[in-house]
Amino acid sequence: MAKYMLLLHDDTAAFANISPEQMQKVIEKYVAWGRRLREKGVMRGGEKLTDEPGKVMRSANGQVRVTDGPYSESKEVLGGYYLLEADSYEQAVEYAKDCPQLEYGGTIEVRQVDVM
Amino acid sequence: MSCETTAASHQLVDHLFRNRAGQMVAWLTRIFGAAHLDLAEEVVQDALVKALQQWPYTGVPDNPGGWLFRVARNRALDVLRRTAAFQERAQQIAADLERIADLDPANEHAIEDDELRMVFMCCHPALTQDARVALSLKTAGGFSVAEIASAFLTSEATVAQRLVRAKRTLREHRVGLDLPRGEELASRVDSVLEVIYLLFNEGYNAHAGETLVRDDLCGEALRLGRLVALSSQITAPAAHALSALMAFQAARLPARTDANGEMVLLEDQDRSKWDRRLVAMGFAHLERSAQGPDLTAYHVQAAIAAVHAGAATAAGTKWDQILSLYDELMAINPSPVIALNRAVALAKVHGPRVALEALLAIEDDPALSNYYLLPSVKGRLLAELGDRAAAADCFNQALARPSTEPERRFLRRRLHACAD
């Protein structure tokens, strides 16, 4: 079975004015979503990335340049990823469809892991 | 941490975030000092957001409440380092913050004490009643501005402004997180209970709109009432009486609406839906409310609610007991709303005609001129006597006054019954 990576891009403004009660509800939805996929046996892991903007490295004229980024100017940041097993893009998208990420202004990028 | 390890992800207790928010704000405000309430709220918000960002990936940790406290502490230590105002007290504050290291359950009492002090601060007499209510919900209760605005049918801007002003007033009066002592304590307890009861009633009798019951407000009011009642710092039988009253009434919430969201009167409720745990809690508080010589309106109202709670069927309700309790209540607090409720008990004991006569005394009371229950009760009494035309008039009058949508549908059903 193929592996698919869900890259979760967060809208950083989405949770600015949300109440503690709502935060708890959001977390409960994510947990329930993860549990459903684990019960299906297709969830292979996931990790959160730290909040710092991170570093971008480029080489120009033989010099390596390191800058902050790539999201310092953007409203969206890559917040974390999940790894799923699925038969096809279609099925991976089906699994991701009820991820609460999409309810709160975030986006999900789905990419198949290439196996040589 | 990989997601695979979260197979045992823990369930979150209902309202954990909201309750912990209130506790953490109280705790940090004590350590930072009351003047830094805003900072405490900021730190707590950051800690909650951190959980919101992490837990979807890591799962809910073993001890979510302790996790939140630890993250808030670390955040508070960061803030401490870069806030000039704390320079002199920095060491002391850091030491106080460290003390939270193993929070649950050993320090639960210390936290409750912080919360109690916070409730007293939020209900300080220098504040207006509206400000006390808003601040209690926001700061002690962990409600958001939007939630408070929707509960009180006002705008977020109004609530936000009210909170800003309230905090400024507290700073100007240099109000701290100290518990008052002696005589002052008694009057401050009264003021706290008043705010709590107001919160409860706001939840229980929503003024307008679609939602009949705002259960969350009732739950929070009960939580705060019990916090005062069960505190070892305070002896207040009235707090037990109020907690008993709220517990009995909250026990009936699941039966107050049917599957379609329609209102169900006490006499028509499915009593098996009453929350037994809350009924038992009500009786326990009622028993403890009898310590001491005080007999407050809360005591009598709780006793009335206990008679209802103790009746296995509507027909088995001891209305004669209820009527004499209403007589007692009228002696303590002769208000037209209580006179109206007394008339309902009067009708059960002595019949609708006697009750209608009793209503004459309060019919023109300006305090009831906008109260839909007056014509509604009158209409039901007239219908019982068979005077359908007069009853229909009353239900029309009731419909012309403000009420919630389920209440209006209830009145329309009564009105239609008059035409049958």
Side-chain angles (χ1 to χ4, degrees), chain A residues 3 5-52 77-85 95-96 98-106 108, chain B residues 1-25 41 44-61 64-65 67-68 72 137-139 141-151 156 160 215-217 219-220:
Chain A
K3 283 187 185 150
M5 206 167 208
L6 308 185
L7 301 165
L8 277 70
H9 298 266
D10 301 334
D11 174 0
T12 50
F15 296 125
N17 285 315
I18 166 173
S19 74
E21 186 77 7
Q22 289 166 312
M23 289 191 207
Q24 180 166 343
K25 295 262 154 69
V26 174
I27 289 170
E28 283 166 349
K29 282 188 190 172
Y30 275 102
V31 168
W33 173 77
R35 183 177 301 127
R36 280 197 299 277
L37 293 186
R38 265 192 311 283
E39 282 166 4
K40 282 193 209 304
V42 299
M43 174 67 87
R44 283 289 158 263
E47 278 171 310
K48 181 194 179 305
L49 305 180
T50 59
D51 300 329
E52 295 94 65
V77 299
L78 179 59
Y81 73 89
Y82 293 101
L83 196 61
L84 303 182
E85 273 185 6
Y95 290 150
D98 53 352
C99 178
Q101 176 78 2
L102 301 170
E103 281 177 52
Y104 300 96
I108 301 178
Chain B
M1 198 189 301
S2 125
C3 212
E4 280 166 295
T5 61
T6 63
S9 188
H10 299 266
Q11 290 280 336
L12 289 171
V13 178
D14 278 352
H15 309 306
L16 177 92
F17 272 47
R18 175 183 284 167
N19 293 342
R20 287 289 168 174
Q23 290 176 343
M24 292 193 291
V25 167
E41 288 186 326
V44 168
Q45 181 74 9
D46 285 352
L48 297 173
V49 168
K50 191 106 199 160
L52 175 61
Q53 291 173 332
Q54 270 191 19
W55 295 0
Y57 296 98
T58 62
V60 175
W67 190 100
L68 289 172
L137 278 177
K138 174 74 168 60
T139 305
F143 282 66
S144 71
V145 169
E147 286 166 343
I148 300 169
S150 89
E156 291 184 34
D215 294 13
D216 283 6
L217 278 192
E220 180 60 14

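In what follows, chains carry the letters A, B, and so on, assigned in the order in which the sequence lines appear, proteins first and then strands, with residues in each chain numbered from 1.
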By side chain to side chain contact (heavy atoms under 4.5 Å, CB included) - contacts of A:Asp11 (at least two apart): A:Ala13, A:Ala14, A:Lys75
Option that, when pairs with chain A are counted at under 4.5 Å, heavy atom only, ranks first among B:Leu12, B:Asp14, B:Val44, B:Asn19: B:Leu12
Shortest non-hydrogen contact between B:Phe143 and B:Lys138, atoms and distance: O-CD, 3.2 Å
Derivation and outcome, salt bridge (charged side-chain N to carboxylate O under 4.0 Å, His left out), residues A:Lys29 and A:Asp98: CA-CA 9 Å; A:Lys29 282 188 190 172; A:Asp98 53 352; over 6 Å; no
Best-contacting candidate, A:Asp10, A:Ile18, A:Ile27, against chain B by heavy atom pairs under 4.5 angstrom: A:Ile27
Most chain A-contacting option - heavy-atom pairs closer than 4.5 Å, from B:Glu147, B:Lys50, B:Gln53, B:Gln45: B:Gln53
Interface moiety of B:Ala21 toward chain A, non-hydrogen atoms closer than 4.5 Å: side chain
Chi angles and distances behind the salt bridge (charged side-chain N to carboxylate O under 4.0 Å, His left out) call for A:Glu21, B:Arg18: CA-CA 5 Å; A:Glu21 186 77 7; B:Arg18 175 183 284 167; 3.6 Å; yes
